[in-house]
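Below is one structure, written out as structure tokens; comments come after it.
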Amino acid sequence: MRYWLFKSEPDAWSWDQQVARGDAGEEWHGVRNYQARNNMRAMELGDRGFFYHSNIGKEIVGIVEVCALAHPDSTTEDARWECVDIRAVKPLKTPVTLEMCKTDPRLADMVLVNNMRLSVQPVTEDEFRVVCELGGVAP
DNA sequence: GCCAACGTTGGC
DNA sequence: GCCAACGTTGGC
């Protein structure tokens, strides 16, 4: 199992909206970046990820799960762009802010801290555990 | 709202 | 295939 982080501006698509989709999940469409797309292509069913609110909040708010493998992005005719579906698993008890990630030495290598602009990122197992700990939930 | 960083596009 | 121009992201 691998771990990931999905970024979304809550104005466009928020954690609450994601939760409202329930187990059916939602297509993570709109990614137009090769690195982010390649990350989604590498995902497997059941992989876990964090849901991060950019701009507003700047914090990791919940845990999601990949529930459909990469498939063509329904929002474009351009065959280059693919995306997975994800569904909400559970919220963090305490959101983990970007500030906290920057401060915690165990998270110094997180892509979130070092490559701000990548919208779908890999997260290591260790980082996943640390963020869960900071967020007050079991991994 | 600004602007730095960075990815993509397109002319040559 | 290079690189300048442009657009977008996202923290501040």
Side-chain angles (χ1 to χ4, degrees):
Chain A
M1 146 125 54
R2 295 163 81 181
Y3 302 92
W4 311 94
L5 183 143
F6 298 85
K7 274 201 275 201
S8 183
E9 295 189 40
D11 275 353
W13 182 255
S14 70
W15 171 250
D16 285 345
Q17 287 172 289
Q18 183 69 47
V19 169
R21 287 285 189 246
D23 285 344
E26 176 73 12
E27 180 181 273
W28 199 255
H29 52 235
V31 170
R32 301 289 182 269
N33 170 286
Y34 292 109
Q35 226 182 321
R37 183 208 59 190
N38 291 344
N39 286 334
M40 289 198 283
R41 281 183 174 172
M43 291 178 190
E44 295 176 354
L45 290 177
D47 277 1
R48 294 278 165 123
F50 291 123
F51 194 104
Y52 175 81
H53 278 170
S54 61
N55 284 318
I56 303 167
K58 281 167 285 179
E59 57 194 11
I60 297 168
V61 291
I63 294 173
V64 297
E65 178 180 71
V66 175
C67 61
L69 296 175
H71 56 80
D73 185 328
S74 70
T75 61
T76 176
E77 295 297 307
D78 193 329
R80 289 177 299 171
W81 304 121
E82 300 178 6
C83 59
V84 298
D85 291 6
I86 61 172
R87 65 172 166 237
V89 174
K90 62 185 169 187
L92 299 188
K93 254 181 209 146
T94 316
V96 175
T97 63
L98 178 61
E99 185 64 36
M100 289 163 74
C101 293
K102 284 182 171 172
T103 304
D104 196 306
R106 294 172 297 174
L107 300 176
D109 292 332
M110 260 190 106
V111 179
L112 184 66
V113 175
N114 295 300
N115 185 1
M116 198 71 75
R117 290 169 51 96
L118 185 58
S119 62
V120 179
Q121 329 175 340
V123 171
T124 68
E125 190 174 351
D126 286 345
E127 289 160 354
F128 190 82
R129 284 212 204 89
V130 171
V131 172
C132 286
E133 177 197 315
L134 295 174
V137 296

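Given the structure is predicted, the values throughout are model-derived calculations rather than measurements. Naming: A, B, ... by sequence-line order, numbering from 1 per chain.
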**Study point:** side-chain hydrogen bond (donor to acceptor under 3.5 Å, both in side chains): pairs with one or both residues in residues 112-124 of chain A, sequence neighbours excluded
**Key:** Thr124(A)-Glu127(A)
Review point. In the hydrophobic clustering that connects Ile, Leu, Val, Met, Phe, Trp and Tyr at side-chain heavy-atom distances below 4.5 Å, which members other than Leu69(A) occupy its cluster, ordered by chain and number?
Key: Leu45(A)
Check your understanding: Between the side chains of Ser14(A) and Asp16(A), does any donor sit under 3.5 Å from an acceptor?
Key -> no
Study note, to complete from the structure: The residue, Gly30(A) or Lys102(A), whose nearest nucleotide of DNA chain C is more 5′ is Gly30(A)
Check your understanding: Taking only residues two or more places apart in sequence or in another chain, which ones pass salt bridge (Lys or Arg N to Asp or Glu O under 4.0 Å) with Asp47(A)?
Key -> none
Check your understanding: Earliest and latest nucleotide of DNA chain C, 5' to 3', sitting under 4.0 Å from a non-hydrogen atom of chain A?
Key -> dG7(C) to dC12(C)
Check your understanding: Got a sec, which hydrophobics cluster with Ile86(A), joining ILVMFWY side chains under 4.5 Å apart, including via others?
Key -> Trp4(A), Phe6(A), Trp13(A), Trp15(A), Val19(A), Trp28(A), Val31(A), Met40(A), Met43(A), Phe51(A), Val61(A), Val64(A), Val66(A), Val84(A), Val120(A)
Review point. Which part of the nucleic acid does Asn33(A) contact within heavy-atom distance under 4.0 Å: base, sugar-phosphate only, or nothing?
Key: sugar-phosphate
Study note, to complete from the structure: salt bridge (Lys or Arg N to Asp or Glu O under 4.0 Å) filter on Asp126(A), not counting sequence neighbours, yields Arg129(A)
Check your understanding: Dot-bracket for DNA chain C, 5' to 3', with Watson-Crick and G-U pairs under 3.5 Å, [ ] for crossing pairs and | for other-strand pairs: what is it?
Key -> ||||||||||||
Review point. Does Val111(A) sit in a hydrophobic cluster with other residues, and if so which ones, taking ILVMFWY side chains as linked at heavy-atom separations under 4.5 Å, directly or through other members?
Key: Leu118(A)
Study note, to complete from the structure: Hits for side-chain contact (heavy atoms from CB on, under 4.5 Å) against Cys132(A), two or more places apart or cross-chain, chain-then-number order -> Phe50(A), Ile63(A), Phe128(A), Val137(A), Pro139(A)
